Q: 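Pasting a structure below so you can have a look.
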Amino acid sequence: KTVHNILENISHIIPADFIELNIWDDDGTNLIPYQFEKNSRENTGVLVREKQKIGDDYTGLIIKENQPCWLEDLENNPKNFVSSNVDKQNFHSFMGFPLVMGHEVLGTLEFFKAEKSGFSKIQFDAIENISHHIAASINNAILFREENQKAVELSSLAQLAQSVSYSKEPEKIFEKM
């Protein structure tokens with residue numbers, strides 16, 4: 001829900017043709033790409049693609065350097081990367097931002113546009129200024145999910161403890177487990 005809201009709202013601020021939000025999975029080994037495409041034929045709005053390892057693409061560059069990246073002409077850029085998740089070869093402008101909480105990179109926020117020089121300095125500065133708020137929102141959503149999971153586990157343990165205290169037949173307790 002948080003990811004959907006971020007992508008939906010950010011698409012109103014930056015008129016990009018394609019927006020991708022990459023977030024580390026629970027293990028911190030793969031990135032989960034959430035994608036929002038303008039004029040997409042699919043009505044879902046936000047698409048979740050298969051997990052990807054960090055590589056030698058724009059996402060990897062942003063994470064490794066922990067710096068925003070703004071490229072006005074992807075075609076003539078010396079770092080002409082290819083992404084495995086979507087055909088980004090049709091785009092000519094790129095902006096990407098690391099989403100950092102403390103010293104930890106939570107993921108990236110990336111914008112693609114079909115025309116060259118498709119983004120302005122004002123747009124770049126706007127996203128750079130709010131990227132820490134986006135990272136905080138994602139971090140809070142992750143913490144909330146983890147705390148909910150812990151609450152479910154504790155509730156199950158409490159129910160099991162209650163069953164143990166009422167039962168005089170240990171076999172039934174082990175059956176419930």
Side-chain angles (χ1 to χ4, degrees), residues 2-40 42 44-143:
T2 300
V3 169
H4 181 274
N5 288 337
I6 289 169
L7 289 172
E8 182 78 29
N9 289 314
I10 208 82
S11 71
H12 297 296
I13 297 169
I14 305 295
D17 296 319
F18 185 83
I19 304 171
E20 185 171 82
L21 178 62
N22 296 291
I23 302 173
W24 288 111
D25 64 4
D26 293 335
D27 300 336
T29 55
N30 295 301
L31 290 164
I32 303 169
Y34 299 89
Q35 301 171 340
F36 185 88
E37 190 169 0
K38 180 180 168 185
N39 297 326
S40 175
E42 299 177 36
T44 56
V46 176
L47 301 173
V48 181
R49 299 289 185 200
E50 286 192 26
K51 293 179 181 182
Q52 62 186 23
K53 294 227 180 265
I54 185 171
D56 294 326
D57 57 3
Y58 296 113
T59 304
L61 177 71
I62 294 166
I63 289 174
K64 288 174 188 169
E65 295 184 2
N66 196 12
Q67 292 292 319
C69 180
W70 181 17
L71 303 170
E72 294 181 320
D73 184 2
L74 293 177
E75 196 173 319
N76 294 316
N77 182 45
K79 296 178 180 176
N80 193 7
F81 299 124
V82 177
S83 175
S84 59
N85 277 336
V86 70
D87 183 15
K88 294 178 185 166
Q89 301 305 318
N90 297 327
F91 300 111
H92 298 286
S93 299
F94 172 79
M95 290 192 310
F97 303 86
L99 299 173
V100 180
M101 191 70 191
H103 296 290
E104 182 182 358
V105 178
L106 301 176
T108 65
L109 179 59
E110 302 171 21
F111 300 86
F112 292 84
K113 202 146 188 185
E115 63 264 8
K116 292 179 184 177
S117 302
F119 300 109
S120 70
K121 174 84 168 112
I122 292 171
Q123 292 171 325
F124 181 84
D125 291 342
I127 299 302
E128 188 172 31
N129 288 331
I130 65 170
S131 63
H132 65 281
H133 295 292
I134 295 169
S137 295
I138 291 168
N139 190 58
N140 288 341
I142 290 168
L143 292 174

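Values in this document were obtained by computation on a predicted structure and should not be read as measured data.
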Q: If you count the non-hydrogen atoms of other residues, nucleotides and ligands that lie under 6.0 Å from CD1 in Ile122, is the total more than 12?
A: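 Check fails, neighbour count at 12 or below.
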Q: List in chain and number order the residues that pass side chain to side chain donor-acceptor pair (under 3.5 Å) with Asp73, two or more places apart in sequence or in another chain; answer none if no residue qualifies.
A: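 Expected list: Asn76.
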Q: Could you go through the ring-ring contact (aromatic ring centres under 6.0 Å, His included) check for Phe94 and Tyr58 one step at a time?
A: CA-CA 9 Å; Phe94 172 79; Tyr58 296 113; 4.7 Å; yes
Q: Verify whether one side chain among Ser93 and Glu115 offers a donor that lies under 3.5 Å from an acceptor in the other.
A: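 No, because no side-chain N or O of Ser93 sits under 3.5 Å from a partner of the opposite role on Glu115.
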Q: Under the 3.5 angstrom rule, does the side chain of Thr29 hit a backbone N or O of Asp25 as a donor-acceptor pair?
A: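 No.
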Q: May I ask you to check whether Gln123 and Asp125 show a side-chain donor-acceptor distance below 3.5 Å?
A: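 Their side chains do not contain a donor-acceptor pair, so the 3.5 Å distance test is not met.
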Q: Keeping the roles fixed (side chain from Ser131, backbone from Phe97), state whether a donor-acceptor pair exists under 3.5 Å.
A: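 Pair absent, no side-chain N/O of Ser131 close to backbone of Phe97.
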Q: Please give me the minimum heavy-atom distance between Phe119 and Trp70, naming the atom from each residue.
A: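 Between these two residues, the closest heavy atoms are O-CZ2, 3.3 Å.
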Q: Would you call the rings of Phe91 and Phe112 parallel, tilted or perpendicular, where under 30° means parallel and over 60° means perpendicular?
A: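 Phe91 and Phe112: tilted rings.
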Q: Are any side-chain N or O atoms of Trp24 and backbone N or O atoms of Ile32, one a donor and one an acceptor, separated by less than 3.5 Å?
A: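 Answer holds: no.
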Q: So does Met95 get a backbone contact from the side chain of Lys113, meaning a donor-acceptor N/O pair under 3.5 Å?
A: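 Judged by distance alone, no pair lies under 3.5 Å.
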Q: Starting at CG of Leu106, measure out to CD1 of Ile134 and round the result to the nearest 0.5 Å.
A: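 Here the rounded value is 11.5 Å.
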